[in-house]
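The structure appears below as structure tokens.
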Number of protein chains: 2
Amino acid sequence: MIVETPRARYRQVADELRKEIRLGKYPAGTLLPSQPELARKYGLNQTSINRAIALLRAEGLVRVEHGVGAFVQEIPTVKRVRRIPRSDGSGSSFAEEVQKVGLKPHAPLVGLDIVPAPAMVAERLGLAENDPVVRRRRHMFVGERPVQLAISYIPLEIAGGEEIALPDTGPSGLYRRLGDRGYPIERFVEEIEARHPTEEEAEFLRLTDAQHVLEVVRIAYAANNVAAETVTNVLPSQQWRLSYEWTAS
Amino acid sequence: MIVETPRARYRQVADELRKEIRLGKYPAGTLLPSQPELARKYGLNQTSINRAIALLRAEGLVRVEHGVGAFVQEIPTVKRVRRIPRSDGSGSSFAEEVQKVGLKPHAPLVGLDIVPAPAMVAERLGLAENDPVVRRRRHMFVGERPVQLAISYIPLEIAGGEEIALPDTGPSGLYRRLGDRGYPIERFVEEIEARHPTEEEAEFLRLTDAQHVLEVVRIAYAANNVAAETVTNVLPSQQWRLSYEWTAS
DNA sequence: TAGTGGTCTAGACCACTGC
DNA sequence: CAGTGGTCTAGACCACTAA
């Protein structure tokens, strides 16, 4: 190791490991050498090596399993997938966009039920808290890899029942059904925010709590600004790039 | 301190400080007690206190100045400001949106020159690398607080000269001038990505490198898919919420 | 059980800031 | 200069995982 006093030793170790990962010395999915081993190699204490690994964790380059070791994270394959507001009013669907980049997506339904509206959802849909809403939860994968969480809420009064959100109903399918029920969608608003994942999200998406997620909240409005649906998508920020397109005039 | 073995002591200290900050015991801009002092208070080593502070740094709750202390970060005042693609084709301007929430923005020009196009810019604008482009750089503040960086590039052939991007030219002003020069804008694409800040960005935006920024890249297209301008905005992810709106048709 | 990562100490030294 | 935060050690103990 170069003695470069102004830069902390543990940072230098992190730099070195980062470089070696980038160069393919430790391919995705493999284990880094153990902390005692790295300590010997670099002539440092295990405590210092631990700090170095903590840096790589925070950057999302490495995922640590206690008692096992530090795994090199898979390459962010989902990046560059797009969300595009289109003239038919829907954002492009998850499946479409992932297929475009040649990957096999699946988005199993993990829950479909009727629940009292949580405060945030009630606010977005213009309901009173605890008014009944249809809730649809999906886990989205690319191959074996979890890449996104989605929870959709529709006021029960508008939905009529759970059936409206049954599987194989793509977004446009859902909006067509809402139209059939007398709530044709006129306007969409999406808000994007970056935040720390909840524990549940971190576990499913295999993130450390030092990494961030993007939360994309869409609200679909029917006539008279009646909010007919809201969807919240949670995606690891390092794996996605969002895209919006619109025309002048 | 509660002896809660499964949770690390330093995490408990961070929890405690986080709570006290939230409750206003340490208002924004003030210093936390020094590390030795906190060490005495919690019966821990300075090393452990240092780790606790490091957590708060990573979360952006605190900004540390070496040799001085840990300052409580100002409240993220810019949050909820919107970017809305409007019917006139422009995103709403920085100044407009900040004023809407009752704050005083200013966005001084820090650079206006003609440079060879960097690779990424050349790709976005459909130029060859090193083709000349007009570059406009702005630093954006709300009051005294730096909140955003913006760099705009226009092919010199389209711009004619630097004048096109002179100060007090709002976005729509620039696009009107481009129209006058025979390049009316037809279409916009924005791509959003979360990443770690560069050192320069971290310094200006007063971020630690553990925090994230949103990079919003917009490309404005004239007829025949000729890219007439690209702007890159860099904003601290914790201080902003982006918003897009569009109508079904 | 042996090997892994996570935490903590007591003490040291350094770099930086402000007086 | 004194006070601040940043780093590092040598050693210890714990929790977790896998065989």
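Chain identifiers are assigned alphabetically (A, B, ...) following the order of the sequence lines, protein sequences preceding nucleic acid strands; residue numbering begins at 1 within each chain.
Listed by chain and number, the residues in a side chain to side chain donor-acceptor pair (under 3.5 Å) with E215(A) are R195(A) (sequence neighbours excluded). In this structure, the ring-ring contact (aromatic ring centres under 6.0 Å, His included) partners of F204(A), at least two apart in sequence or on a different chain, are H139(A), F141(A). Scored by the side chain to side chain donor-acceptor pair (under 3.5 Å) test, D15(B) finds R7(B), R18(B) as partners (sequence neighbours excluded). With sequence neighbours excluded, the residues satisfying side chain to side chain donor-acceptor pair (under 3.5 Å) with E65(B) are R63(B).
The list of salt bridge (Lys or Arg N to Asp or Glu O under 4.0 Å) pairs with a residue in residues 24-40 of chain B, not counting sequence neighbours, reads E20(B)-K25(B).
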For this session: Summarise how protein sits on nucleotides 4-11 of chain C as a single string, 5' to 3': B when a protein heavy atom is under 4.0 Å from the base, S for sugar-phosphate-only contact, - for no contact.
Result: BBBBBBBB
